[in-house]
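Count residues from 1 along the sequence.
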Amino acid sequence: MLLRLPTSVSGARECLAEGAVPIGGATLLWAEWQRDGFPALAMSLRGVPEANALGRGTLGAAVVLHRIDGRVPDVLRLAAASVGTGAVRRTATVGGNLVGSTLRCLLPAALVLEARASVLGPDGVRETDLSEVTAKRPLLLGLRWREPVASAYRKLPAEPGGRPPLTVSVALHADTPGPRRLRVAVRDGYEVIDGSAPYDDPDTALHTLRATALRDLPEDAWDAVDAQVAAVLRVAGDG
């Protein structure tokens, strides 16, 4: 297998045109390649500046999870810190988690941040939503979002070897003009469900959320949602 290491978006685009298979830390692909055979040509974005961005409102696809720190909102930082072991987080990348993983641990956090994705295709770079990223799996360059007022994340305990643990991500947004918005996303098993509600007071917002796609969550999940909403409101000064 020949590995290309482009240092620019245009170089990455050329590699794609040559049929290169994108890889990050390859933590998810290695076993598959050992079983089915290695590709002739692969490409890593670790030398592309846009894919290594890490700062206020931006996160590159080539960033390894253990580098994600307080420069990003709490919901995204804590979700990254909950993935696997320290060894996994030192090799697994944002792009691999969102595009290559069935667990997609970062997806609920990105959803509540209302993140948009920058992707690279044959026609160049474009912006799209997260639903396209997870459905069509394009080459992800990075995420961008507007900073929330506050955010929170929780992973519930789970039995070893059982269903993936339930996770709850919450963010409160304030746009001008317009009312504040409460966003919630839950990973239940392998499914990610999200909903939003205008925020005036906690009771009304939670009642509205129970009428969204989140409505069929079990009560223990709702208990966790209630607790994380309360935590966000405390940080925002409303609790």
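Side-chain contact between L233 and L172 is present, with heavy atoms from C-beta onward closer than 4.5 Å. Within the 4.5 Å cutoff, the side chain of V112 has no heavy atoms near those of the V170 side chain. With contacts defined as side-chain heavy-atom distances shorter than 4.5 Å, the pair V186/T167 does not qualify. Side-chain contact between R90 and V64 is absent, with no heavy atoms from C-beta onward closer than 4.5 Å. The closest side-chain heavy-atom distance from L59 to L54 is below 4.5 Å. Side-chain contact between L3 and L5 is present, with at least one heavy-atom pair separated by less than 4.5 Å. Taking 4.5 Å as the limit, every side-chain heavy atom of E127 sits out of range of all side-chain heavy atoms of S118. Two residues are said to be in side-chain contact when any heavy atoms from C-beta on lie closer than 4.5 Å; L106 and L65 meet this criterion.
Taking D69 as the reference, R71 meet the side-chain hydrogen bond (donor to acceptor under 3.5 Å, both in side chains) condition, with sequence neighbours excluded. Considering only residues two or more places apart in sequence or on other chains, R104 meets the side-chain hydrogen bond (donor to acceptor under 3.5 Å, both in side chains) condition with none of them.
We find the CG-CG distance between L143 and L98 to be 6.0 Å, quoted to the nearest 0.5 Å. To the nearest 0.5 Å, atom OG1 of residue T134 and atom CG of residue D129 are 8.5 Å apart. With rounding to the nearest 0.5 angstrom, the OG atom of S151 is 7.5 Å from the CG atom of L78. Atoms CD and CG, from E219 and D226 in turn, are 8.0 Å apart once rounded to the nearest 0.5 Å.
Taking a cutoff of 4.0 Å between a charged side-chain nitrogen and a carboxylate oxygen, R183 and E114 qualify as a salt bridge. With respect to E50 and R13, no salt bridge is recorded, no charged nitrogen being found less than 4.0 Å from a carboxylate O.
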*Apply the test side chain to side chain contact (heavy atoms under 4.5 Å, CB included) to residues R210 and W222: give CA-CA distance (whole Å), side-chain angles for both, the deciding distance (0.1 Å), then the verdict.*
CA-CA 9 Å; R210 283 180 177 262; W222 275 110; 3.4 Å; yes
*Go through the steps for S82 and Y153 under the test side-chain hydrogen bond (donor to acceptor under 3.5 Å, both in side chains), then give the verdict.*
CA-CA 10 Å; S82 76; Y153 171 87; 3.0 Å; yes
*I would like to know whether R163 and D188 meet salt bridge (Lys or Arg N to Asp or Glu O under 4.0 Å); could you show each step before the answer?*
CA-CA 9 Å; R163 281 167 55 86; D188 185 14; 2.9 Å; yes
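The side-chain tip of R116 does not point at the ring of W145 from less than 6.0 angstrom away and within 45° of straight on.
Nearest heavy atom pair, residue R187 against residue P164, reads NH2-CB, 4.1 Å.
No continuous path of ILVMFWY side-chain contacts below 4.5 Å connects L103 to V94, so the two sit in separate hydrophobic clusters.
Using a 4.5 Å cut-off between side-chain heavy atoms of Ile, Leu, Val, Met, Phe, Trp and Tyr, V9 falls into a hydrophobic cluster with L16, M43, L45, V48, L120, V125, L139, L141.
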